[in-house]
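Sending over a structure as structure tokens; questions will come in a sec.
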Amino acid sequence: MPHITRRSLAAATAVLLGATALTACGSSDSGDKAGAESGPVSLTYWAWAPGMDKVAALWNAKHPDIKVTVQKQASGDDLVTKIITAAKAHKAPDLVQAEYQALPTLVSNDALADIAPEVQGVKDKFAPGIWQQTTFGGEAVYALPQDSGPLMFFYREDLFKQYGLTVPTTWDEFAETARAVKKKAPKKSLTTFSANDSGLFAGLSQQAGAKWWTFEGDAWKVGIDDAATKKVTDFWGGLVAEGAVDNQPMYTPAWNKALNTGEQLAWVSAVWAPGTLTTAAPDTKGKWAMAPLPQWNKGENATGSWGGSSTAVTTDSKHKAAAAQFATWLNTDPEALAALVKESGIYPAATAAQTSGALAKAPDYFANQPDFYTRAAEIAKTTAPAAWGPNVNVAYTSFKDQFGKAAKAKTGFPEALTTMQGATIADLKKQGFEVAN
């Protein structure tokens, strides 16, 4: 995504919120200093991750001058809506836990402050592709990365050996492996194409180089039907059409059974997959292994991301510097990161924390792969940049609807992508955004 500033985002959303309202950038530095000089600072942090109050308690014990109170919230679109509503009423908290794809929406609604001056020297603690999601490729910093979800390939190691299969390193090899499974065990499938979680498709497209939203001047340009995403669409649509992979959605009882009984041999997922597999396929503990995501061309080394969130400071905060100080501690301090892993169960975005402390040992479910997190950390470094826009929710909803129909019918994938592109553009225009398409 090109360099986006608050000013250019403000221009793009002026029709909605009023140009003068969007030029304000929250509390000034003088306000922060005044707050620090007048006595202890109290900060409110909206977050959904479990155990975040316990993590904040560690901070509070060592920083009596800056007290952080965590208020548990719902995640996803509900939280985004609540934050925007609170920001318009100037009643937003000091800090919020925000998913990466929600950041452009929050910035364009003037809900998040630029904390670049307060977090200098932090950039190198994160993988470039993760850091980019909080900056949009510009100089402004709208949040600090908290957790990430690099994509990987998970497979039944025992069944691969049984059927004489080789772990695919390219997507062409992946397709051949899927066909080989069907020849050797017609009732089984390598994996399934699921349309009930848009994040996976977005991550796969990201790995291929997709740029779903870009910014040109004062206008958004939607590229959901770009060449990279078309390649991903055609690849999976083709496998579904020929019956090489299943077409059932994830997270259903039938899907759980397929994983647990070996009807599905593999799953393209993210680093958090062990937790899901523990519940979905308890009988197969110790039988799975993890490998890097297949590449589009031999020699390439990139992955996409599925999920992840950040810590942002709102424009309503009267203590921007103090809030940024807490956000920096939360996402870079070794004690804080260890607590996030233990109490909140996250995979930290900070690269130093991905192989230390609670992550020094493989997940119990993957005890047969003791280097699980060492390999995961290497994969995480290769996370490709993502290009999010202000109406990700609309694109995701359209994906679930259109690709869900295509998966069920085993046809119509290109048309589904075209519809998804059109729906996203139409919504941007309806909201009053300038659109370059």
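Residue numbers start at 1 and run along the sequence shown.
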Least distance between heavy atoms, Ala228 atom then Ala210 atom: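 Between these two residues, the closest heavy atoms are CB-N, 3.5 Å.
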Over all atoms of both residues, closest heavy-atom pair of Thr105 and Pro390: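 Scanning both residues completely, I find the closest heavy atoms to be OG1-O, 2.9 Å.
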Test item: side-chain donor near acceptor, Glu173 and Thr166, under 3.5 Å: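 Looking only at side-chain atoms, Thr166 and Glu173 do not form any donor-acceptor pair under 3.5 Å.
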Asp94 side chain near Val313 side chain, heavy-atom distance below 4.5 Å: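 No - every pair of side-chain heavy atoms lies 4.5 Å or more apart.
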Test of ring centre spacing under 6.0 Å for Phe235 and Trp296: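 So the answer is yes for these two rings.
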Test log, rule side chain to side chain contact (heavy atoms under 4.5 Å, CB included), inputs Phe174 and Leu239: CA-CA 10 Å; Phe174 180 94; Leu239 290 179; 4.1 Å; yes
From CG (Asn393) to OG (Ser398), nearest 0.5 Å: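 If I round to the nearest 0.5 Å, the distance is 11.5 Å.
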Gln162 and Asp158 side chains, donor-acceptor separation under 3.5 Å: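 No, no side-chain donor-acceptor contact under 3.5 Å.
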Pairwise distance OG1(Thr424) to CD1(Ile224) - rounded to 0.5 angstrom: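 Answer for the OG1-CD1 pair, Thr424 versus Ile224, is 3.5 Å.
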Aromatic ring proximity, centroids under 6.0 angstrom, Trp288 and Tyr155: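 Centroid distance Tyr155-Trp288: not below 6.0 Å, so no.
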Interatomic spacing from OH in Tyr142 to OG1 in Thr134 - rounded to 0.5 Å: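 It comes to 10.5 Å.
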Interatomic distance, Glu378 atom CD to Thr303 atom OG1 [nearest 0.5 angstrom]: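 Atom-to-atom, Glu378:CD and Thr303:OG1 are 13.0 Å apart.
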Leu165/Leu265 under side chain to side chain contact (heavy atoms under 4.5 Å, CB included): CA gap, chis, key distance, verdict: CA-CA 11 Å; Leu165 304 173; Leu265 278 68; 3.9 Å; yes
Validation row: Met420, Asp401 side chains within 4.5 angstrom (heavy atoms):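 Answer no - side chains too far apart.
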Gap between atom OG1 of Thr135 and atom CZ of Phe126 - 0.5 Å precision: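 Phe126 atom CZ to Thr135 atom OG1 measures 12.0 Å (nearest 0.5 Å).
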Residue among Phe153, Trp255, Phe193 satisfying ring-ring contact (aromatic ring centres under 6.0 Å, His included) with Trp267: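 That would be Trp255.
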